[in-house]
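Below is one structure, written out as C-alpha cells, with a few remarks after it.
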Protein chains: 2
Amino acid sequence: MVCIFAYHANMSEKSAASSGLRERKKKATRAALTEAAVRLAAEQGAEKVTVEAISAAAGVSVRTFFNYFESRDDVFVMTDAESGARVRRKLLDAPPGLTPLEALRDALTAELAEAEQQHELWLLHAEVLRAAPHLLVRLLGAHLADETELAEAIAERIRPGGARPGPTAPAASDEDRRKELDLYPRLLAAVAVTALRVSAEHWCARPEERVFRDVFREVFALLAAGLPAPPA
Amino acid sequence: MVCIFAYHANMSEKSAASSGLRERKKKATRAALTEAAVRLAAEQGAEKVTVEAISAAAGVSVRTFFNYFESRDDVFVMTDAESGARVRRKLLDAPPGLTPLEALRDALTAELAEAEQQHELWLLHAEVLRAAPHLLVRLLGAHLADETELAEAIAERIRPGGARPGPTAPAASDEDRRKELDLYPRLLAAVAVTALRVSAEHWCARPEERVFRDVFREVFALLAAGLPAPPA
DNA sequence: GCAGATTTTGCATGGTGTGCATATTTGCAT
DNA sequence: ATGCAAATATGCACACCATGCAAAATCTGC
C-alpha cells in the first residue's frame, strides 16, 4: 500500500524497449485490465466492480492484477505514465519569447490534442469518474505526483542550468529536491494542473456549448490577467 | 466505501447542540480517534497503524471506529467540518471594495489564524502526511469537496441574488448546481484551494525561514499579478 | 426511575492486499 | 531446435478493511 505515486515503476525501470514481446505483452495486459475495469464500471457502477470480475474479464488471475496495480482503485486512474515527460519536454522546447504561463499553456494544449485519440474510452472514463468522486480524487493524486517534476521543469526553463539565488547546496534525495524548489515554479505547476482540471470539469458539464480548447484558453487568459472580477 | 465526501454527515445532521452530553461525547470520541491515529502514525508510520490499534488507543471497539469514519484513511484527514462554512461566511461578509481574490485571501487568512490553536497536533499531522502522500491525496479530496460550495459563495459575492447571464432555469439537484456555476467562480475557488496547499507545502519544507502568513500573501500576490516570470 | 431513542459492541461475512513457493513464458546463446 | 537464466503469472495462506444485523449499554426528556 505504498501506492499511487509508484504504480508505473514497472514500465519506467527499463522502459525503452528492453525487449519486444515482453514489453508489448505487459502493455497489453495493463491496457486490457484498465479497459475491462472502465467498461464494467460504466455498466454497473465503479463500486460494484470487484477485482475478481476485472481480472476475469481481462483473462488473468486476481494475483496478476495486483502485480500491475497497487490497489483496486488505481486501475480506474488510467494515467499515461509518459504524458508528464512529454509535457516537460514541450515546455523546455518552447520558444524562449513566451512567458512561463504561455509556454505551459501551449505544452498542455499539445498534449491534450494527443489524448483526443482515445476519445471513446476517455469519455466513458469521464462518465465513471463523475459517478465516483472517490476515484476522481485518485486521478488528482496521480496529477499531483507529476506536479513536482513539472515544477522542476519550470524552474529549469526560467533559470537554465539551475542557478538560483540563495544557498546552492547539492541536493540528492527526493526530499531535498522538493526543498530546493522555489515558490514560483511550485505555484505555477500546481495552478496549471488545477486549471486543467477545472477546464475539464467545466467542459464536461456543458460539452455541447463550446469546444474544450476554448474553455482551456479562457482559463489561462483569466490566470494571466490575475483573476480579475468578471464584468457585471 | 461511498466515502470521502460524506464523513461529517453525523455532525451536520442536527449539529447544533441537540443535547449536551451526547454531542460532547461524540465529539470527544471522534477527537480521541483522530488524535490516537495521528500519534500512532507519527511513531510507526501511517501504513503500520491498524484500525484495531487506533480503536484500542481511543478506548472503543473496532466497530465503533467505522461508525465514525467511512474508511481507515479518513481518520488521518482531520478536516474540521465547519471550516468551509466559516470561510464562506467571511467571504460574504468582507468589505465590498475588495476584489474577489482579495476577499478570498483575507477569509482564508482569518481561518488559518484559528487553525493555529491546535498547533502541536497540526504539525504532527503534517509530518504524517509528508511521509504518506497517499493520505495527503485524501486531504485534497476533502478540500475538493468544499470547492463547489466555495465556488457558489464566490458567485454569490459577485452577483448577489444569483442573477446570471444566460439561461436561468431553476436548478435543484447537486448535479444541476454544478452545471449552473460559471467558469470564473469555479476557477477562483479551485485556484485558491491550490494556493493554500502550495503555501502549506512550501512553508512546511522551510518552516524556519519565513512565517506562514508571508508565504501565503506572496502566493496571492503572484496570482493577482497574473503569475509573471520572476525577475532574474 | 422509566420509556424511547441513540450509541456501542460482537459476530458473521466478503472484498482487499501481500508474501511466498511454484509453474510458465520469454530472451538469448549455442 | 535446445537449454539456461530472467522475468512473469499463478495458487494459496493470511491479515486487514468494511458492512449488516441484532443485542446490550447509554443518554434524554418526562
Side-chain angles (χ1 to χ4, degrees), chain A residues 1-4 6-7 9-33 37 40-41 44-56 58-76 132 134-135 138, chain B residues 1-4 6-7 9-11 13-33 37 40-41 44-56 58-77 132 134-135 138:
Chain A
M1 249 292 232
V2 189
C3 238
I4 292 195
Y7 54 68
N10 288 340
M11 340 217 81
S12 52
E13 261 182 37
K14 281 199 159 193
S15 64
S18 78
S19 12
L21 224 181
R22 267 196 157 87
E23 202 66 18
R24 255 180 296 146
K25 262 204 158 182
K26 279 178 78 170
K27 259 195 158 65
T29 302
R30 193 183 174 87
L33 283 169
L40 286 173
Q44 40 184 151
E47 304 303 319
K48 298 288 183 182
V49 180
T50 69
V51 174
E52 191 173 352
I54 299 170
S55 307
V60 297
S61 75
V62 173
R63 191 62 186 81
T64 296
F65 176 96
F66 285 106
N67 286 341
Y68 281 87
F69 301 95
E70 297 274 344
S71 79
R72 183 191 82 101
D73 292 348
D74 285 341
V75 79
F76 293 108
H134 163 204
L135 296 176
R138 300 290 287 217
Chain B
M1 251 290 234
V2 189
C3 236
I4 292 195
Y7 53 69
N10 287 340
M11 340 217 81
E13 261 181 38
K14 280 199 160 194
S15 64
S18 77
S19 8
L21 223 181
R22 269 202 157 89
E23 201 67 18
R24 255 181 296 147
K25 264 204 158 182
K26 279 179 79 171
K27 260 196 158 65
T29 302
R30 192 183 174 86
L33 283 170
L40 286 173
Q44 40 184 152
E47 304 303 319
K48 297 288 183 182
V49 180
T50 69
V51 174
E52 190 172 351
I54 299 170
S55 308
V60 297
S61 76
V62 172
R63 191 63 186 80
T64 296
F65 176 95
F66 285 105
N67 287 340
Y68 282 86
F69 301 95
E70 297 274 343
S71 78
R72 169 188 167 278
D73 291 350
D74 285 340
V75 79
F76 293 109
V77 170
H134 164 204
L135 296 176
R138 301 288 288 216

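Every chain is numbered from 1 and lettered A, B, ... according to where its sequence line falls, protein lines coming before strand lines.
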Give each protein N/O atom lying under 3.5 Å from an N/O atom of nucleotides 10-12 of chain D, with the pair distance.
residue, atom, partner, partner atom, Å
D/dT10, OP2, A/Ser61, N, 3.0
D/dT10, OP2, A/Ser61, OG, 3.3
D/dT10, OP2, A/Thr64, OG1, 2.2
D/dT10, O5', A/Ser61, OG, 3.4
D/dG11, O6, A/Arg63, NE, 3.4

Heavy-atom closest pair (A/Gly45 atom, A/Val49 atom, distance to 0.1 Å) is O-CG2, 3.5 Å
Rounding to a whole Å, what distance do you find between A/Leu135:CG and C/dT16:C1'?
-> 15 Å
Only counting residues at least two apart or in another chain, list the ones meeting side chain to side chain donor-acceptor pair (under 3.5 Å) with B/Thr50.
-> none
Rounded to the nearest 0.5 Å, how far apart are CG of A/Leu33 and CG of A/Asp74?
-> 12.0 Å
Nearest-0.5 Å distance that lies between atom NZ in A/Lys26 and atom CD in A/Glu23 | 6.5 Å
If only atom types and distance count, is the side chain of A/Thr29 paired as donor or acceptor with the main-chain N or O of A/Lys25 below 3.5 Å?
-> yes
What closest approach, in Å, do A/Val75 and A/Ile54 show between heavy atoms, and which atom pair accounts for it?
-> CG1-CD1, 4.2 Å
Check the distance between D/dG20's C1' and B/Glu70's CD and give it to me in whole angstrom.
-> 14 Å
Roughly, in whole Å, what's the span from CZ in B/Arg22 to P in C/dT6?
-> 7 Å
A/Leu33 atom CG is separated from C/dT16 atom C1', nearest whole Å, by 16 Å
Roughly how far apart are B/Phe65 CZ and B/Glu52 CD, rounded to 0.5 Å?
-> 12.0 Å
Results of ring pair (Phe, Tyr, Trp, His ring centres under 6.0 Å) for B/Phe66 - residues two or more places apart only = none
Quick note, A/Thr50 side chain, CB onward, closest among C/dT16, C/dT8, D/dT8 is C/dT16
Rounded off to whole Å, could you give me the CG-to-C1' distance for the A/Asp73 and C/dG17 pair?
-> 12 Å
To 10°, what angle do the rotation axes through the five end pairs on each side of the helix from C/dG1-D/dC30 to C/dT30-D/dA1 form?
-> 30°
Atom CD1 of A/Ile54 and atom P of C/dG15 are separated, to the nearest Å, by 13 Å
Closest heavy-atom contact between A/Ala37 and A/Phe76?
-> O-CE2, 3.5 Å
Identify each atom pair where a protein N or O and an N or O of nucleotides 23-25 of chain D are less than 3.5 Å apart, giving names and distance.
none

Using atom NZ of A/Lys48 as one end and atom P of C/dT16 as the other, report the distance to the nearest whole Å.
-> 12 Å
Rounded to the nearest angstrom, tell me the gap between atom NZ in A/Lys25 and atom P in D/dT8.
-> 12 Å
With sequence neighbours excluded, what pairs up with A/Ala132 under the side chain to side chain contact (heavy atoms under 4.5 Å, CB included) test?
-> A/Ala46, A/Glu47, A/Leu135
Check if the side chain of B/Arg72 and the base of D/dC17 share a donor-acceptor pair of N or O atoms closer than 3.5 Å.
-> no
B/Thr64 side chain to B/Val60 backbone, donor-acceptor under 3.5 Å | no
Of the listed D/dA18, D/dA9, C/dT18, the closest approach to the B/Phe66 side chain comes from D/dA18
Check whether any side-chain N or O of A/Tyr68 sits under 4.0 Å from OP1 or OP2 of D/dA9, and answer yes or no.
-> yes
Side chain to side chain contact (heavy atoms under 4.5 Å, CB included) between B/His134 and A/Arg138, intermediate numbers included = CA-CA 9 Å; B/His134 164 204; A/Arg138 300 290 287 217; 4.3 Å; yes
